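Structure first, then comments.
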Amino acid sequence: MSQKPSIPQGTRDFTPLEMARRRYIFSTVERIFREFGFQQIETPSLENLSTLTGKYGDEGDTLLFKVLNSGDFLKKAPDILLEEKNSNRLIPHIADRGLRYDLTVPFARYVVMHQNEITFPFKRYQIQPVWRADRPQKGRYREFYQCDVDIVGSDSLIYEAELLCIYDRVFAAFNLPVQIRINNRKILEGIANQCGFKESFRSFTVIIDKLDKIGADKVKEELAALGGDANAAMLLLEKGALDKNYLSSLKERMHDVTGLKGLAELEEMLHYLSSYHAINEVVFDGTLARGLNYYTGTIYEVVASNVQMGSIGGGGRYDDLTGIFGLKGVSGVGISFGADRIYDVLLESDLFPDTVANSTQLLICPMEDSALGKAFEYAMQCRMAGISSEVYPQAAKLKKQLTYANNNQIAYAAILGEQELAAGKVALKNLQSGEQEIVDIESVIKKIKA
RNA sequence: GUGGUCGUAGCUCAAUUGGUUAGAGCGUCAGAUUGUGGUUCUGAAGGUCGUGGGUUCGAUUCCCAUCGAUCACCCCA
C-alpha cells in the first residue's frame, strides 16, 4: 500500500535552484556580519518550554510548537486535567519542550549559560530556522530562517548605529531598495506617560502600530477607548524624515523624563551616523512599536520599498532579557533578517543574479565502456586542478549525455571515444559556442581555467 | 484562532444550464540523426477530476464533510 506523500502545512522543499538562491542570501548576509566582527553560534531547534513561554506575549505562547514528552506521558498527567480536556492546562504536564520561536530568546539563554566563557561585549550572529504555529499566508511560513546579529554586554549606542549600517549594507548588496524605520520605545513610553496611557502601554503600542493600516481616525477612536488623551498623543506621533529639526520640535513638546531619554538616545545614534551616507531611506517613525515584549530602547523595522510584503527585518535594544534567566544588568541590542521574505521579495523584483547557480564546469562523456576508466581518471585530475567535473556514468548515446550537460548548465563536454582514447586526447566541446577541438587533458584544464 | 476564494496530466489552464471515450500548450520520454545538446519534425507515455460521503438513471459539474493551497483579519520575519 503506497500513500500519497505530503509535507506539513506551512513547510516547503527547496529545489537545487532555490537552494542556490537561498545560499546567495545567507552568504551575503554572513559576509557583512563578519565585516562587522560578529562570530557565529548555533543553538538547538528544541528548547525547554520554560525558556520560551512568556517571552513573546500571550499570542506568542499559543504560536509555539510544543513537543510531546517521550514515553507514556499521559500516565503522569493529573486525572482531573485529563477529564477537563483543557489543552492549555494539560500542556505543562505532557510537553516540556518546544521548537524555538525566534533566535533572540535562545541567545539570551545561551549568554546566561555561557557567561563565564564569554568576553563582553559579545557579538554573535546566528542563521537558523525558527517555527511558528501561525496560519500560513503570503510571506508567512511555519518554518522559516532568521539571520540574527546581536551584541550583549554593552549599552553603547555605537552598536545601534552599526546595526543600522548593517541593514543598509546588506540590502545595498542585494540591490533591493528598502525603507529602514527606527524609533525608540522610551519615546513611545514618554508619549504614553504624558498622555495618560501609562497603564495601558502595551495596548497603546499595538494600536499606534496599526496607523498605516487603519488610518488616523480609527487609531484615535481606539486610543480614546483606552481612556487617555488621544488627540495629544496623535500630535506627538509623527512619521517623518530623520532630521534634526523634527527631533528638536519633538523635544520641545516632550516633558516626560523617559521620553526625553529616548530622544537623547536617538540623537546620539544619529550623531554617530552623521559620517555614514546610507544608500537606503532611513526614517524616524513615531508609530513604529513592534509587538515583542522585551524591547526597551531603539527599535528597527525594514520594509521593501517597491514590493508589498510585511517587514523583512526587525530588531531593537533589550535591556534585561538575560535578567529573566538570572543574569542582571546585561543589555543587548540586535536585528534580524527574515530570509524567506527577502527571498520572496528578491524573486518578485527579479534581483537574483544569474550566476547564483554555479554548476559543474566539465562533463566527461565516455562513448565506449572501455573509456570509463580513463574518464574517471581524467575527472579526478580535473577536480584536483580545481575544476568541478562529472563523469557520465555509462557509455550512453552522446545525445543523451549532451542533453544531460545542457539541462545542468555544464559549460564544457569532453568526449572520450575510441579515437580519442587511442590518441590520448579528448574532444572538448564548448556547449555555449558549439566549438569543438581535439586536445589532451592538460590543455582541457588550462582552457577551462583561463 | 476567525472569515473569503480555489483544488482537473509534472507545470499553466480548458471541458457549452448534470450526459457516452476529460482536452490543449509547455515539459518528459522515444525516433528522424548507429559520435553531437540548446532549433525543427514525428510519435508515445502520463488523470482514482484533492479525499470521503450524499442527491441523481447518470456527477469533474449540485450538496455536506474533510484535507490542502491561497488571500484577508489577529499577530509577525
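Proteins come first, then strands; the chains are lettered A, B, ... in the order of their sequence lines, and each starts at number 1. Bear in mind that the values here come from a model prediction, so they are computed numbers and not experimental data.
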- Sticking with atom P, work out how far B:rU17 lies from B:rC13, rounded to a whole angstrom.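 It works out to 22 Å between them.
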Which part of the nucleic acid, if any, lies within reach of [X] when heavy atoms closer than 4.0 Å are counted: base, sugar-phosphate only, or nothing?
{"X": "A:Ser336", "answer": "nothing"}
{"X": "A:Gly315", "answer": "nothing"}
{"X": "A:Glu420", "answer": "base"}
{"X": "A:Gln146", "answer": "sugar-phosphate"}
{"X": "A:Leu431", "answer": "base"}
{"X": "A:Gly434", "answer": "base"}

To the nearest Å, give me how far apart [atom1] ([X]) and [atom2] ([N]) are.
{"X": "A:Arg12", "N": "B:rG68", "atom1": "CZ", "atom2": "C1'", "result": "16 Å"}
{"X": "A:Leu402", "N": "B:rU34", "atom1": "CG", "atom2": "P", "result": "14 Å"}
{"X": "A:Lys399", "N": "B:rU40", "atom1": "NZ", "atom2": "C1'", "result": "11 Å"}
{"X": "A:Tyr145", "N": "B:rC76", "atom1": "OH", "atom2": "P", "result": "24 Å"}
{"X": "A:Glu368", "N": "B:rG35", "atom1": "CD", "atom2": "C1'", "result": "9 Å"}
{"X": "A:Leu64", "N": "B:rC76", "atom1": "CG", "atom2": "P", "result": "14 Å"}
{"X": "A:Tyr56", "N": "B:rA77", "atom1": "OH", "atom2": "P", "result": "11 Å"}
{"X": "A:Asn407", "N": "B:rG10", "atom1": "CG", "atom2": "P", "result": "19 Å"}

Does [X] make a side-chain donor-acceptor contact with the base of [N], cut-off 3.5 Å?
{"X": "A:Lys429", "N": "B:rU36", "answer": "yes"}
{"X": "A:Asn406", "N": "B:rG38", "answer": "no"}
{"X": "A:Gln401", "N": "B:rU36", "answer": "no"}
{"X": "A:Arg140", "N": "B:rA77", "answer": "no"}
{"X": "A:Arg341", "N": "B:rC76", "answer": "yes"}
{"X": "A:Gln409", "N": "B:rG37", "answer": "no"}

[X] side chain, from C-beta outward: closest of [options]:
{"X": "A:Arg135", "options": "B:rU2, B:rG38, B:rG35", "answer": "B:rU2"}
{"X": "A:Gln9", "options": "B:rC75, B:rC71, B:rG68", "answer": "B:rG68"}
{"X": "A:Lys397", "options": "B:rG35, B:rG31, B:rC76", "answer": "B:rG31"}
{"X": "A:Gln436", "options": "B:rG35, B:rU36, B:rC74", "answer": "B:rU36"}
{"X": "A:Lys400", "options": "B:rG35, B:rA30, B:rC76", "answer": "B:rA30"}

What is the pairing partner of [N], taking Watson-Crick or G-U wobble pairs with both distances under 3.5 Å in any strand?
{"N": "B:rG46", "result": "none"}
{"N": "B:rG68", "result": "B:rC6"}
{"N": "B:rU20", "result": "none"}

- Item | Short side-chain N/O contact to B:rA72 OP1/OP2 from A:Gln137, under 4.0 Å |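 Yes, A:Gln137 has a side-chain N/O under 4.0 Å of OP1/OP2 on B:rA72.
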- Query: Using 30° and 60° as the class limits, which term best fits the ring planes of A:Phe337 and A:Phe33: parallel, tilted or perpendicular?
  - Reply: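 A:Phe337 vs A:Phe33 ring planes: tilted.
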- Query: Any idea how A:Tyr294 and A:Tyr318 line up, ring-wise: parallel (<30°), tilted (30 to 60°), or perpendicular (>60°)?
  - Reply: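 A:Tyr294 vs A:Tyr318 ring planes: perpendicular.
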- Compute the centroid of each ring, for A:Tyr125 and then for A:Phe36, and state whether the two points are separated by less than 6.0 Å.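 Between A:Tyr125 and A:Phe36, the centre distance exceeds or equals 6.0 Å.
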- Are A:Tyr343 and A:Tyr145 close enough that their ring centres sit under 6.0 Å apart?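 No, the ring of A:Tyr343 stays outside the 6.0 Å limit from the ring of A:Tyr145, centre to centre.
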- Stacking check A:Phe337 vs B:rA77 (5.5 Å / 30 deg):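 Aromatic stack with B:rA77 absent for A:Phe337.
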- Task: Please determine if A:Arg317 forms a cation-pi arrangement with A:Tyr295, meaning its NZ or CZ atom is less than 6.0 Å from the six-membered ring centre and no more than 45° off the ring axis.
- Result: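 No, A:Arg317 does not lie over the aromatic ring of A:Tyr295.
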- Query: Any side-chain donor-acceptor pair under 3.5 Å between A:Thr15 and A:Glu18?
  - Reply: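 Short answer, yes.
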- Query: With the threshold set at 4.0 Å, does a side-chain nitrogen-carboxylate oxygen contact exist between A:Arg142 and A:Asp134?
  - Reply: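 Salt bridge absent between A:Arg142 and A:Asp134.
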